[in-house]
Amino acid sequence: MKILLIEDHFLVRMSQKIVLNELYPQVTIVEADSFESGIAHVQGSLFDLILLDIDIPGGKGKLMIERIRQWRPEVVILMCSAADEQTHALEYITAGANGYLSKSAERNEMITAITTVMKKKRYVSLTVQERLLDTVSTGISGGKTRKTPLGLSEREREVMNMLIKGKWVKEIALDLNLRSNTVSTFKARIFQKMGVTSVLELSKKVGD
C-alpha cells in the first residue's frame, strides 16, 4: 500500500503517519508540503490513498480534486481540514472527494475515516451525515425542489449530461480536454453510482 500526505504542517503529518503505520504496518508513506509537489508525486506514482489538506499552499479548493483525478481517477481522496466541516464537508464530497475529516477529530474517528474510504465508501462525521443525505438527494433550483444524482461530483454530472446528449467518449474527452480512458472511468463510475448499465437506462433514470 502506498499513501500520499499532502499537508504543510509537520506535526499534522506526524500524527497522520503514526495512525497510518498502526493500521497498515507495511505502508509506504510519501509526503508533500505543497499542492504542486503533491501533484508531481501523483503524476509519477500510483497511490492507494491521498490525505489532502484543504488549505495546502498552492491549492485551489475543490479544483484540487479535479486536477488529481485527471491523472488518477480511481485514487481515494480523504480531505483533512481545520475549517468548519458543517460549512465545507458537503461541497468537497459533492466535488468528488471520498471523505472529509476534521483535524480536530480524535484518533478513533481518524481510523474510522481511513478504513471507511479505503472500502470505497464515503465518509463524513456523524454530525454531517444527516445534512449530507438531505443535500445529495434533493437540491434547490429556482425555489423548487429537484432530484440530484446521488454522490456525483461536478465533473461526473458534466460527463453524464454529455452522455445523455448522445456524445461518444472520444468526443467528451476532446470537449473537456481529458484522456479517453479518464472519461471511460468517469462513465463506469456514473453507471455504478446511478445503478444503470447503459446510457439509455441512465437517460430514463435522470428523467424520472
Side-chain angles (χ1 to χ4, degrees), residues 1-21 23-24 27-105 109-111 113-118 120-125 128 132 151-159 173 175-179 181-183 185-186 189:
M1 175 176 288
K2 195 170 185 179
I3 296 176
L4 174 61
L5 308 182
I6 306 180
E7 166 63 58
D8 61 318
H9 291 95
F10 172 76
L11 291 178
V12 174
R13 292 200 308 271
M14 285 299 296
S15 64
Q16 291 173 339
K17 288 169 65 177
I18 289 171
V19 173
L20 289 169
N21 279 302
L23 281 173
Y24 311 110
V27 67
T28 298
I29 299 176
V30 178
E31 302 176 50
D33 60 5
S34 72
F35 184 67
E36 289 305 320
S37 61
I39 281 293
H41 287 299
V42 169
Q43 292 172 349
S45 302
L46 293 174
F47 292 95
D48 299 286
L49 171 65
I50 296 176
L51 272 63
L52 176 59
D53 177 18
I54 283 181
D55 296 318
I56 191 74
K60 294 183 179 179
K62 294 179 292 183
L63 293 177
M64 294 189 293
I65 298 172
E66 180 177 328
R67 192 170 172 197
I68 290 172
R69 295 214 183 280
Q70 285 179 348
W71 289 93
R72 308 295 179 194
E74 293 299 324
V75 70
V76 175
I77 301 174
L78 177 61
M79 304 304 301
C80 301
S81 176
D84 180 20
E85 60 181 345
Q86 292 282 353
T87 303
H88 297 287
L90 301 183
E91 61 177 303
Y92 278 89
I93 293 293
T94 302
N98 298 85
Y100 187 103
L101 178 67
S102 171
K103 288 184 179 179
S104 64
E109 184 178 353
M110 184 178 179
I111 291 173
I114 293 169
T115 55
T116 298
V117 296
M118 289 305 295
K120 304 298 183 180
K121 297 179 180 180
R122 301 292 178 105
Y123 177 83
V124 290
S125 69
V128 176
L132 173 62
L152 295 187
S153 68
E154 292 179 11
R155 179 63 91 185
E156 288 168 346
R157 288 198 298 271
E158 188 174 14
V159 171
D175 289 347
L176 299 181
N177 194 29
L178 296 173
R179 300 175 182 178
N181 63 346
T182 299
V183 176
T185 299
F186 281 133
R189 190 185 302 150

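Just so it is clear, the model here is predicted, and its values are computed rather than measured. For the single chain, residues carry numbers from 1 onward in sequence order.
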What pair of heavy atoms forms the shortest contact from I6 to S34, and how long is it? CG2-O, 3.8 Å
Residues A113 and L101: closest non-hydrogen pair is CB-CD1, 4.0 Å
Rounding to 0.5 Å, atoms CZ (F186) and CG (N181) come to a distance of 10.5 Å
Would you indicate whether the side-chain heavy atoms of R189 and P73 approach each other to under 4.5 Å? yes
Please table the atom pairs, donor to acceptor, closer than 3.5 Å between any side-chain atom in residues 40-63 and protein atoms at least two apart or in another chain.
unit_1, atom_1, unit_2, atom_2, d
D48, OD2, K2, N, 2.8
D53, OD1, D55, N, 3.2
D53, OD1, K103, NZ, 3.3

Less than 4.5 Å apart, any side-chain heavy atom of V183 and any of L176? no
With rounding to the nearest 0.5 angstrom, report the CZ to OG1 distance, R157 to T94. 6.5 Å
Would you call N98 and L78 a side-chain contact if the rule is heavy atoms closer than 4.5 Å? no
Nearest 0.5 Å, what's the OH-CE distance between Y92 and M79? 5.5 Å
Kindly give the heavy-atom pair with the smallest separation between G99 and I93, and that separation in Å. CA-CD1, 3.6 Å
Could you grab the distance from atom CZ of R72 to atom OG1 of T185, nearest 0.5 Å is fine? 11.5 Å
Whether the Y123 and E109 side chains hold a donor-acceptor pair (N or O, under 3.5 Å, no angle test) is what I'd like checked. yes
Tell me if a side-chain donor or acceptor on R69 pairs with a main-chain N or O of V75 at a distance below 3.5 Å. yes
Rounding to 0.5 Å, atoms OG (S81) and CD (E7) come to a distance of 9.5 Å
Give me the one residue out of N21, L11, I29, L5 that meets side-chain contact (heavy atoms from CB on, under 4.5 Å) with Q16. L5
Distance from E158 atom CD to R155 atom CZ, nearest 0.5 Å? 5.0 Å
Closest contact, heavy atoms only, I65 versus G96: CG2-C, 4.0 Å
With the threshold set at 4.0 Å, does a side-chain nitrogen-carboxylate oxygen contact exist between K120 and E74? no
